[in-house]
Every structure is written in structure tokens, then in C-alpha cells.
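Have a look at the structure below, then the notes.
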Amino acid sequence: MENSKIAKILFGIADLLEMKEVEFKPRAYRKAAQTIEAMSQDIAGIYKQGGKKALDEIPGVGASISEKIEEILKTGKLKYYEKLRKETPVDTEGLMSIEGMGPKKVKRLYKELGVKSVKDLERAAKKGRIKKLKGMGQKVEAELLEAVKFSKKKTGRMLLGSAMPTAEELIEVLKKTAKIDKIEAAGSFRRWMETIGDLDILVVSKDPAGVMDAFTSLKSVSKVLAKGQTKSSVRLGNGLQVDLRIVDMSSWGSALMYFTGSKTHNIELRKIAIKKGWKLSEYGVFKGDKQLAGKTEDEVYKKLGMQFVPPEMRENIGEIELALDGKLPSLVGYNDIKGDLQFHTKWSDGTETLEQMVRKGKELGYSYMCVTDHVGTLKIAGGLDEKALKKQAKEIAAVDNMVDGIAVLQGAEVNILADGTLDMPDSALKGLDVVIAAIHSGFRGGREKQTKRVLGAMENEHVDIIAHPTGRVIGKRAAYDLDWQKVFDKSKETKTYLEINAFPDRLDLSDMNTHAALKAGCKLVINTDAHHSSHFENMKFGVGTARRAWARKSDILNTLPLKKFMKAIG
DNA sequence: GCCGTTTTCGGCCCGACTGTTTTCAGTCG
């Protein structure tokens, strides 16, 4: 049973209770669900180790919810949830995912029109039954119909890697067309989440109306969802929703915090303000009508008695307590990486020559790079054999000579076979500087089988790195399940390091897996897996993921200078 | 239903925007 499944049930309970207009309980269930969803540890494992008592320790989980989690873990279902669903046989999750639908409307439409599903909703709207209800009208009905239509073609969240160029361009255009003193993208974008649901942009301007006009009439806008004096929302042609908010310079910091989130992080901060007898909003920290702080984020955190929390850490998974104690880790920086350890050239499935790739690496300021073309039987990727590797070694030496100030290492990406052995003999791997092993086929094997494969590869004395350890491709292929405790232990034992693959649709390990790995005391590497020199720019997404997992510089091996790095991988 | 350096009872984040209202409810983030 995965955390996400348990969270889903708890969210479901919250929705159903809200429809019944039960007070406060929905919030409690939602809070617990959020915590569980965001936890890096497996909740089944926590229960296995510490029983119900350990569940009680989870923030937001008390006697009643822990009992329910226990029942879910034991039986796979929850009687209380089933009873609620029987009482209100409505697809709350589906209906509430429609823009403009909340618990109150779901309830009314169910009670008065018998709407149980999105399909029912569409039918009722088309028949003009919704506008006849009190408090609703033509506009509500039309908007709902529109929202249903949109939800059908909505593809979900957008990759951070895809959203970043969109955001940067949008900001550039706004800067040119309106009077803007300050502008920054906030939200999950600024927290470097792997995908973003929408884009939040914050602006300081002396001409707010002009900014709103410019924003809502951007070429890329397909629909204006809301337009006000300080806040507007639009949907772009590519489906991305963008919210823009205008604030005073005096509130810039608190507004940036509010807009950056996460929501749960902000709620905790507000509670801290309340305890001090103050109020925290996007306008600042207030004592009565007097603003105590708000101009910068630093100022607001300081006022609350905390360290500045880097945006990547604002997920309310323990960072607030650390910041209050002054014990936040110093995170690995975006410029701390000294060398990329996984990239491909024309020797296998890359599209550029070794020299082109190395020159780009030098431009980025790396002091070493390791070329890791595919070897062995991976024919699609043009796997090299032992002989070809020797030939490539000569070119590597030549390029190493030719390009000053950067060391070129020879590595290889080798396949992990079904039984955990490698498809390349040890004799071929022996002479390489860095050996990367990865699974490229048989993604469907169960947890036990995949764990055995990975552990097998780690036990090979030549293997230094396990690349993209869970095989996931965001939005396309699910991660295979691994027994993380065993993998982490083996990583430490054999000094075989797990990779954070920086490709925007991989980010594998994920932030949560990385967090768990670091907690277990593992060290990691961050690689781009570049197949073209432009892919080297993706390193930032890997570092962002590491920062989200609270990684310090010392946790990431390729922040070390060459000599120390070589010593570390042994 | 959860939580506690004001509390084991009585609180529970805060504000903008919209539509349908003539003072507000619902939704959203």
C-alpha cells in the first residue's frame, strides 16, 4: 500500500465530510492526507516497525486517523469510508476537480438535481437545469460547461523543464509591454517542483491597470479567467494557467512568500505569527494595523524568529522546526557541480562529437567530465564492445589534450540484465574511470525482482553509479518499486552511488527518494545524461531536486574536485 | 479530528474575485 493511496482515501473522506457540512474534520483529514502524501518514508514500513504508535507520531495523525490507516494497511479498505460513500454516492473527486466546483455546489447539485458524476454535471448544464437553481445563473452554468470541456482535454501538470522557457518568455514580454519595477515567478515553479500545475507571477508596478491589460491581452492567452485590480488569471494556449498579482514594494517579501508557498508551509508560518499575537498575510506581518515586516522575505522570516528558508525547502516536512532552531542545512548550490558524469556522443546514441560535448562542458565551467556511451547489447542505443571502447580511449586522450583546463574521463553506461549481472565482461570495465549501470528493459518486474537486479549490479566491484535508479519517465512510465532500505544499505556498503538524473522528464531519483536516501546517510551524484550539448543545461533541474531533498554540497560527490572525486569512487 | 511554552477544551489561515446578490456565498490559491 503506497502513501498516495492512503492519502487518496483520506482526501476522499474530507470531501464527503465537507459535503455533509461537518465542521473542521475535513481540514483534519486533509492535513493528515497532505502530510502522508508528502512523506519520504513508506507509511507501511513505519507501521511495520513501530505499529499504531508510530503512526500517531506523524503530524496531523491522531488516535482516530491512525486507527483508520491501520485498518487500510491490514485489510486494504476502510469501512468508515465505504459507509460515507454509500450515504453520498457521488464522485466528489471528479466533480471537485472541475473549475468552479467546490463542496457546496457538489452537494446542492446532488441534492437538487441528482448530479453524481462529471457526466451528470455536463448533462444538467446542457439541459439548462443549473441556471434555474437559486443563486446560480446563466453565467455559472456556461462556465461550468466550459470547465467540463476543458477538464476533458486537460493533460495535467506541466514539466518544470517545459514551463521554464514559457515563464521566461512571458516575463520578458511583460517587461517590454508594461511599466514593471519588479517581477518574479513564484509558486511551485520557484520551489523547483518537477511539475507545475500553474504559474504564479508577482509584479510591482506604478501602473497596475496597464500591467493587467498587457497581461490579459498577451498573444499566448486563450482565455481570461479573472481580471481584477491586483489579481488576474489567464489560461495560455498550451493549457497552462497563469496567475498574476500586483503588490506594493512594501509587501514584496511577504507576497513572494505567500505566492511561493507551499500552502502548508504558509499555514504553519501564519500560526507562528498568531502565537506571537500578530497576523501574517501576503501584505506582511501585522500587529493590529501596523506592518512589522514584509519588504523582503528575509525580514519576514527574521521577524518570525526563523532562518530564511530556501524556496525549494518550503514543503512543511520539518524545515520550519529546523529554521526556528537555526539549524537549516546549507544546501548544495546551482554552481557547485564540478563535473558531469553521464553523457553520450556519436560513439553511441548521442548526436554530437566528444569534442563538441567537452567544449560545452568547459564553457559551463566544469573541471572534469566523464563520457559514458552505451556499451554491450543495447543495440538501439549503439552499444560499444570492448574493442570499440579501446578505440574510443584514444579519442578521449586526444580531446583531453586539445581542450585545456578540463579533464576528460572514460566511462560507460552498462546494462543491468534480468538476473542482476551486467552485459559486459569485467575485463572491459576494469580499465574505465567510471562505470554506470542502469536498467533499460524489463521495467515491469516486481519489487523483489528489481531490487535483486539493482543490488546485483551494485555488488559488481567495477560499478560506481546506478543511473536513473527507478526508471520512471514522468507522465509516461511509472517508477519500478525498490526495497529502498536494502538499496541504501548496499550503496553505503559497496560505495556505489545513486544518481539524480537531471533530465526534466526523469528527475530520478525523485526529490522524495533523494530525501530518503540522504536520511539513510547515502551520498549521491547528479548527472544530465546529455545526448546533445544543450542538454548540459538541464543540470539545474537535478540540483533543484537535490535542494528539495535538503542535500548539502558534501552530499553530492561531483561537487568534489577531480582528485577527491576519484578517491571517493575508489 | 487534531493540538497545546496561553489551552486536555476550544480553537482551527487569510484575502481576492466572481456571480448573483442589495450584503454575501462560494471558490480559489
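Remember, it's a predicted structure, so these values are computed and weren't measured experimentally. Proteins get letters first, then strands, A, B, ... in listed order; numbering begins at 1 in each.
- Across B/dA16 and B/dG10, the matching P atoms stand 32 Å from one another, rounded to whole Å.
- Summary of the strand contacts: A/G137 and A/G228 both lie near DNA chain B, and taking for each the nucleotide with the nearest heavy atom, the more 5' one is attributed to A/G228.
- Under the side-chain hydrogen bond (donor to acceptor under 3.5 Å, both in side chains) criterion, A/K31 pairs with no residue, sequence neighbours left out.
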For a quick check, with a 4.0 angstrom heavy-atom cut-off, what is the B/S/- contact string for nucleotides 22-29 of chain B, read 5' to 3'?
----SSSB
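- Using the Watson-Crick or G-U wobble rule with both distances under 3.5 Å, B/dT8 pairs with nothing in any strand shown.
- Distance, A/K271 NZ to B/dC12 C1': 7 Å, rounded to whole Å.
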Output one line per pair: protein atom, nucleotide atom from nucleotides 1-3 of chain B, and distance, for all N/O pairs under 3.5 Å.
| residue | atom | partner | partner atom | Å |
| --- | --- | --- | --- | --- |
| B/dG1 | OP1 | A/S64 | OG | 3.1 |
| B/dG1 | OP2 | A/K25 | NZ | 3.2 |
| B/dC2 | OP1 | A/G62 | N | 2.6 |
| B/dC2 | OP1 | A/G62 | O | 3.3 |
| B/dC2 | OP1 | A/I65 | N | 3.1 |
| B/dC2 | OP2 | A/S64 | N | 3.4 |
| B/dC3 | OP1 | A/G60 | N | 2.7 |

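- A/E122 and A/K126 are joined by a salt bridge, as a carboxylate oxygen and a charged side-chain nitrogen come within less than 4.0 angstrom of each other.
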What's the verdict on side chain to side chain donor-acceptor pair (under 3.5 Å) for A/T260 and A/R190, showing C-alpha distance, side-chain angles and the deciding distance?
CA-CA 6 Å; A/T260 298; A/R190 185 164 176 249; 2.8 Å; yes
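- The gap from the P atom of B/dG19 to that of B/dG11 amounts to 36 Å, rounded to the nearest Å.
- Between the side chain of A/Q307 and the backbone N or O of A/K327, at least one donor-acceptor pair lies under 3.5 Å.
- Using a cut-off of 4.0 Å between Lys/Arg side-chain N and Asp/Glu carboxylate O, A/E297 and A/R314 are scored as salt-bridged.
- Taking atom C1' on both B/dT5 and B/dG1, the two are 23 Å apart, rounded to the nearest angstrom.
- For residues 277-323 of chain A, the ring-ring contact (aromatic ring centres under 6.0 Å, His included) pairs, not counting sequence neighbours, are A/Y301-A/F308.
- The 5' end of DNA chain B is approached more closely, in terms of each residue's nearest nucleotide, by A/S281 than by the other of A/S281 and A/L133.
- Remark: A/S232 is not in phosphate contact with B/dC17, judged by side-chain N or O atoms under 4.0 Å from OP1 or OP2.
- Formation of a donor-acceptor pair under 3.5 Å by the A/D336 side chain with backbone atoms of A/G333 is found in this model.
- A donor-acceptor distance shorter than 3.5 angstrom exists from the side chain of A/R548 to the backbone of A/R191, with no hydrogens or angles considered.
- Atom CD in A/Q291 sits roughly 13 Å away from atom P in B/dG15 (whole-Å rounding).
- Within the 4.0 angstrom heavy-atom criterion, no nucleotide atom of any strand lies near A/E143.
- Following rounding to the nearest Å, A/R27 (CZ) and B/dG11 (C1') show an atom-to-atom distance of 10 Å.
- Judged purely by atom type and a 3.5 angstrom limit, A/N266 uses its side chain to pair as donor or acceptor with the backbone of A/Y258.
- At least one side-chain nitrogen or oxygen of A/K279 sits closer than 4.0 Å to the OP1 or OP2 atom of B/dG15.
- Atom CD in A/E268 sits about 12 Å away from atom C1' in B/dC12, given to the nearest Å.
- Comparing the P positions of B/dG15 and B/dT23 gives an interatomic distance of 24 Å, to the nearest angstrom.
- Contacts between residues 215-222 of chain A and DNA chain B, counted as heavy-atom distances below 4.0 Å, involve no residue at all.
- Although no hydrogens or angles enter the test, the distance criterion places a donor-acceptor pair under 3.5 Å between the side chain of A/E141 and the main chain of A/I130.
- Taken to the nearest 0.5 Å, the CG atom of A/D508 stands 10.0 Å off from the CD atom of A/E194.
- If you check every strand for non-hydrogen atoms under 4.0 Å, A/E141 touches nothing.
- Rounded to whole Å, the distance from CD1 on A/I274 to P on B/dG10 is 19 Å.
- Across the protein-nucleic acid pair, A/I272 atom CD1 and B/dC12 atom P stand 17 Å apart, rounded to whole Å.
- Residue pairs satisfying the ring-ring contact (aromatic ring centres under 6.0 Å, His included) criterion with at least one member in residues 178-236 of chain A, sequence neighbours excluded, are listed as follows: A/W192-A/Y334, A/W192-A/F541.
- Stacking of A/K68 on the aromatic ring of A/Y80 is recorded, both the 6.0 Å distance cut-off and the 45° axial limit being met.
- Distance check on atom P: B/dC12 versus B/dC17 gives 25 Å, rounded to whole Å.
- Rounded to whole Å, the separation between the P atoms of B/dT22 and B/dC14 comes to 30 Å.
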